[in-house]
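Report on one structure; see the data block that follows.
To find a chain, count down the sequence lines: A is the first, B the second, and so on, and within it residues start at 1.
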There are 2 protein chains.
Amino acid sequence: MTLKEPEAIAKSGVEETRLRILAAARKLYAERGSRGTTTREVADLAGVNEATLFRHFGTKQQLLAAMYDHFSEASAYVSILERMLEISGMEAQLRFLGAEAIESLRRKEDLIKVSMAEEIAFPEAGTCAWRAPVAGKLMLTEYMRERVEAGELQGDPETLARIFMSLFFAYVMANRIWSGEERPRDSVVQTIVDTFVNGARPR
Amino acid sequence: MTLKEPEAIAKSGVEETRLRILAAARKLYAERGSRGTTTREVADLAGVNEATLFRHFGTKQQLLAAMYDHFSEASAYVSILERMLEISGMEAQLRFLGAEAIESLRRKEDLIKVSMAEEIAFPEAGTCAWRAPVAGKLMLTEYMRERVEAGELQGDPETLARIFMSLFFAYVMANRIWSGEERPRDSVVQTIVDTFVNGARPR
DNA sequence: GCCACATGCAAGTACCCGCTTGCAGAGGTT
DNA sequence: AACCTCTGCAAGCGGGTACTTGCATGTGGC
């Protein structure tokens, strides 16, 4: 612990402080929006002095941007796609993808709602929060194109991708409002994918 | 203009003031959220003194509630359902419904986003803003039940209703984020309804 | 021992916001 | 003319908020 990586130890403390602040910001911003949350509250929740918060991030808006950036998980989508392709059978692949989409959306539901509301006032944050879903849609469009060319699906690939994602997007976003009873996740995924692939017409 | 309806003339002026304030509140709240908007700004945009705003609505929160209440159009759904039932053929009915849903959602997109972001901080407003969609889903569930009993569709009616509405909900909400090119509305409706009824599998 | 640095602490600045108040004018009613 | 109601205007109150500053403390590296 003496001379390996000069400022690593100090940095690790610094980094942990940063992370605590970012986590606190996410929690409070998600609950009340960035405008409904004071920097003092964020600092308190992070167990940090307000001055420290400003020394790290400079501005409340820069803190917001840093938060979106840190929690966007844009890279996660690639690994999901890779794991999906290891599964055989289109419907099983789509079910896997749907389940992952629900998990991902649910994890970021709070951020998405905040960014929706603040996208006009603070557009950078909006684009940042949406970066991952947009990337996901691009990859899914490519997948749909292959399915269509293979004769397994029909229609415009981009529209298919959008419809597919819409189903899960709306399921998560509107869950609290529309839900009667909460159904188990796998059953929901099964129903949605089945309807997407086969439609609602009786067979 | 002398003695018909004693305070009607005065009231009409009063009513117009109220409406101007409500419209201004909607515009600004939609742009920046209720917390991001000051009562002074609302009053200015309405061309009204701030004191007048408070004399009308008492509190900023009461203004917000009054705004949701005024713009919710909860009654519109009944007439849409009635007009839909005059059309013959399930797919044509669903296309009509989808087109109306897009129009209605687009008109209220701003309010929905505001209420989404504020539903935790101010739940009453949320329920108020969602009253109309919830009522619409109930009616649509009933419709789906009839289609299923008639053998025209299969599945759980409530789930079918939810899937159907989700498709249009997400289409409007995520339009700005996902859109490549804007497609004509009727074409979009056609594609979505067709996929809902027949699925994406080639025929 | 000394330096560099991250942090806590306390106080403060300069503004902003929701909301109130008192007064005055304008319009219509009786 | 007397009155009532709606409104504008200007000032202000109390509290909050983003952000700053100066100083003290502790910790690890040289």
Nearest-angstrom distance from the residue atom [atom1] of [X] to [atom2] of [N]:
X: B:Leu63; N: C:dC17; atom1: CG; atom2: P; value: 16 Å
X: A:Ile21; N: C:dA6; atom1: CD1; atom2: C1'; value: 11 Å
X: B:Leu19; N: D:dT7; atom1: CG; atom2: P; value: 12 Å
X: B:Leu53; N: C:dC17; atom1: CG; atom2: P; value: 14 Å
X: B:Gln62; N: C:dT20; atom1: CD; atom2: P; value: 10 Å
X: B:Leu64; N: C:dG18; atom1: CG; atom2: P; value: 12 Å
X: B:Phe57; N: C:dG18; atom1: CZ; atom2: C1'; value: 16 Å
X: A:Glu16; N: C:dT7; atom1: CD; atom2: C1'; value: 13 Å

So, the side chain of [X] versus the backbone of [Y]: is there a donor-acceptor pair under 3.5 Å, distance only?
X: A:Thr59; Y: A:Gln62; result: no
X: A:Ser104; Y: A:Glu100; result: no
X: B:Thr141; Y: B:Lys137; result: yes

Legend entry - Carboxylate-amine/guanidinium contact A:Glu86 A:Arg83, below 4.0 Å: no
Is any side-chain N or O of [X] closer than 4.0 Å to OP1 or OP2 of [N]?
X: B:His56; N: D:dT7; answer: yes
X: A:Thr17; N: C:dT7; answer: yes
X: A:Thr52; N: C:dT7; answer: no

Legend entry - Per-nucleotide protein contact string for nucleotides 9-20 of chain D, where B marks a base within reach and S marks sugar-phosphate only (heavy atoms under 4.0 Å, - for neither): B--B----BSBB
Legend entry - A:Arg162 and B:Asn175 side chains, donor-acceptor separation under 3.5 Å: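 Checked: B:Asn175/A:Arg162 side chains pair up, N/O donor to acceptor below 3.5 Å.
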Inset, instruction - With sequence neighbours left out, write down each residue that passes salt bridge (charged side-chain N to carboxylate O under 4.0 Å, His left out) with B:Arg26, or none if nothing qualifies. - result: B:Asp110
Legend entry - CZ on B:Arg185 to CD on B:Glu103, rounded to 0.5 Å: 4.5 Å
